[in-house]
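Read through the structure below, which is laid out as C-alpha cells, and then see the notes.
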Amino acid sequence: MSFDVAAVRADFPILSREVNGKPLVYLDNGASAQKPQVVIDAINTAYSQEYANVHRGLHYLSNLATEKYESVRAKVARFLGAANEDSIVLNSGTTEGINMVAYAWAMENLSEGDEIVLSVMEHHANIVPWHFLRERMGVKLVWVDVDVNGDLDPQAVLDACTDRTKLIAVTHMSNVLGTVVDVKTICHAARARGIATMIDGSQAAVHMPVDVEDLGCDFYPITGHKLYGPSGSGAIYVRPERFAEMRPFIGGGDMIREVHKDSVIYNDAPMKFEAGTPGIVQTIGFGVALDYMMGLGMENIAAHERALRDYARDRLDGLNWLSVQGQSAGKGAIFSFTLDGAAHAHDISTVLDKKGVAVRAGQHCTGPLMDHLGLTATCRASFGMYNTESEVDALVDALELCHKLFA
Ligand code: PLP
C-alpha cells in the first residue's frame, strides 16, 4: 500500500485552517500531534452515546464503555508487538508510565549505592523520577554522553554499567536531536547481565514500527497525544516477569480484589497498576488513533517521514547561517536549530508563527542535553505523518525572513 499524504491531510480538520492569515504549517508534532476526524468522532460518540464508568457497573452503558476501553489493551499490544495484552498497563502517558517504573519497580528493587544509567539526551520525564530515587534512597545516576553527531554508542552505555547497575533508562528517539538509539543491542546485552531496561518510546513509536519482544526491553512507555490520540492517554509495556517484582504505587478502586479493615488483596496485573477511574474517553480515542496508524501502516509512515527528513536536511543544510543540532545519519524528522548571530529561539519562533509556521522554542525538557550542547534554547521543527515537502519550503522561506530581520 502506498502512502497518500493528501488523503491523510484531509483526515485532519485542523490542517486546513489558517494561522495569522497564512495556511497552518504544523511542525510541533514532537510536543503533541493533531487529531484525525476518526478520533474526534470517537470522542464525541463516547460522550454523546456510550458514556458510563468502566469495570464497575452491570448496566448496558457501563458494559459497553468497559468493552470499548478494554479493547484498547489489545490494540496497544498489537501496536507494540507485545505477545500478551496483559503486559500492557493503560495510563495517562509516558510521564505516568516512567513514574510507575520508578515507584512500583525501582523503589522495590534498588537500594543505596545501586546505579541507574541514563543518556544525556533524556527528557525530564526520564530524569526526574530517577532523581527522586537519588534523593530518597541514595541511588546513583550515571550519565552517558552523545557524540558530536548526537549519536549514542550502545557500547558506551554498556561500558558505563558496573556490578551495581540495576537499570538502564534511555530514550529510543531523542525529542530534540531526532537520534534513533540502537536500543536492541543495549537491551539484549543488559538482559544477559541481569540489568533491567526502560526504553522511553514517546517519540520513536510515533515514527517507526516497534516490536518490544524483538527489542528485548523490560519497560516501554508510550504517550497517546503524540500518537495522534487524545491527551491524558497512554500505556506502558511491562515484560510479564517484571510484574512479580513490582508493588502497586497508586491505591484505590479497581486495582484491588478485596479490601478489609486490616487487610487488602490486590487485583492481578495489569489491573493492579491501574487505580481509580481512568481516562475512559481519552483511552478509547487513543485506541482509534492506533487503529488509524496501523491502518496506514507504520512502515509506510516511516518511509514517508524518511523522505521528508532527507528533503528537510538538504534544504536546511543549504542555510549556512543556521546550526542544526544532531547530525545522526539515521535520525528521525526532528530538527533543532539556532540561528548564527544573536536571535533568541523565542524571537525566531515568533517570526515563524507570523508566517503560519508552528515550531517549539526552548529547552524541550532536556536540561542536561542543553548543558551538553552549551545552549540555553533551540527552535525545533518536528515533522509528522501529514507534513509535506512544500511545508519544508514554507519553513525555509520563513527562516530566510528571520535571517534578514536578525542578521
Ligand atoms: N519522553 C520524551 C522523549 C518526550 O518527548 C516526552 C514528551 O515531550 C515525554 C517523555 C513525556 O511525555 P508526556 O508529557 O506525554 O508524558
Side-chain angles (χ1 to χ4, degrees), residues 5-37 174-178 203 206-207 225-226 228 231 304-327 331-366 370 373 375-407:
V5 69
V8 170
R9 289 183 70 77
D11 289 338
F12 289 75
I14 204 169
L15 297 181
S16 54
R17 71 159 288 172
E18 294 192 339
V19 166
N20 291 324
K22 303 277 188 285
L24 168 65
V25 175
Y26 188 77
L27 302 179
D28 195 18
N29 298 283
S32 203
Q34 301 298 345
K35 320 303 170 199
Q37 190 64 48
S174 162
N175 62 313
V176 175
L177 307 175
Q203 297 288 340
V206 185
H207 305 291
H225 68 96
K226 294 186 205 289
Y228 308 96
S231 57
H304 170 72
E305 293 185 7
R306 265 196 306 275
L308 211 50
R309 172 204 63 195
D310 291 345
Y311 184 75
R313 180 140 58 185
D314 277 358
R315 294 260 16 226
L316 295 175
D317 279 353
L319 308 177
N320 60 12
W321 34 265
L322 193 86
S323 301
V324 175
Q325 304 297 325
Q327 301 288 352
K331 70 184 260 168
I334 295 178
F335 296 88
S336 287
F337 52 81
T338 50
L339 241 68
D340 297 351
H344 190 274
H346 288 174
D347 297 329
I348 298 166
S349 74
T350 304
V351 173
L352 297 187
D353 186 50
K354 291 278 177 275
K355 293 285 172 191
V357 180
V359 298
R360 181 148 184 209
Q363 53 158 245
H364 316 292
C365 297
T366 55
M370 291 296 137
L373 296 172
L375 296 170
T376 51
T378 69
C379 268
R380 178 186 70 183
S382 50
F383 292 80
M385 64 159 103
Y386 38 58
N387 291 123
T388 62
E389 291 187 358
S390 64
E391 291 184 309
V392 175
D393 294 339
L395 169 68
V396 171
D397 288 350
L399 285 171
E400 273 166 347
L401 174 65
C402 286
H403 179 54
K404 265 195 215 120
L405 288 173
F406 298 124

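What you see is a predicted model; the values in this text were computed from it and never measured. Atom set for the values below is all heavy atoms of this structure, side chains included, hydrogens, waters and symmetry mates excluded.
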H225: which residues meet the side chain to side chain contact (heavy atoms under 4.5 Å, CB included) condition with it, sequence neighbours left out? S32, K35, T223, S231

Sequence neighbours excluded and cut-off under 3.5 Å, please list the side-chain donor-acceptor pairs for residues 392-407, or say none.
residue	atom	partner	partner atom	Å
D393	OD1	Y311	OH	2.7
D393	OD1	R315	NH1	2.8
D393	OD2	Y311	OH	3.3

Flag for Y386-N29: side-chain donor and acceptor within less than 3.5 Å: yes

Sort out for me which residue in I334, N175, V359, L27 forms a side chain to side chain contact (heavy atoms under 4.5 Å, CB included) with S382. I334

Contacts of A31 meeting side chain to side chain contact (heavy atoms under 4.5 Å, CB included) (sequence neighbours excluded), chain-then-number -> D28, R360, R380

Can you give me the closest heavy-atom contact between A345 and A361, atom names plus distance? O-CB, 3.5 Å

Rounded at 0.5 Å granularity, tell me how far CG in D317 sits from CG in L322. 9.0 Å

Side-chain donor-acceptor pairs of residues 15-23 under 3.5 Å, sequence neighbours excluded:
residue	atom	partner	partner atom	Å
S16	OG	P13	O	2.9
N20	ND2	D353	O	2.9
N20	ND2	D353	OD2	3.3

Please test F383 against H207 for side-chain contact (heavy atoms from CB on, under 4.5 Å), starting from the C-alpha separation and ending with a verdict. CA-CA 9 Å; F383 292 80; H207 305 291; over 6 Å; no

In Å and rounded to the nearest 0.5 Å, what is the CZ to CG distance from F337 to L319? 9.5 Å

Partner residues of T376 under the side chain to side chain contact (heavy atoms under 4.5 Å, CB included) criterion, sequence neighbours left out: none

Quick one, T378 and H364 - any side-chain contact, counting heavy atoms below 4.5 Å? yes

L375 vs M370 side-chain heavy atoms within contact, under 4.5 Å: yes

Please check: side-chain N/O of K226 versus main-chain N/O of V206, any donor-acceptor pairing under 3.5 Å? no

For the backbone of Q325 and the side chain of S336, can you confirm whether one donor and one acceptor N or O come within less than 3.5 Å of each other? no

When rounded to the nearest 0.5 Å, the distance separating OG of S323 from CG of L373 is 11.0 Å

Considering residues at least two apart in sequence or located in another chain, which fulfil the side chain to side chain contact (heavy atoms under 4.5 Å, CB included) criterion with E391? R9, V25, N387, T388

Rounding to 0.5 Å, atoms CG (D340) and CG (N320) come to a distance of 8.0 Å

Got a donor-acceptor contact below 3.5 angstrom from the H344 side chain to the A377 backbone? no

Is it true that a side-chain atom of Y228 and a backbone atom of M385 form a donor plus acceptor pair closer than 3.5 Å? yes

Mark yes when over 12 heavy atoms from residues, nucleotides or ligands other than K331 sit less than 6.0 Å from its NZ; otherwise mark no. yes

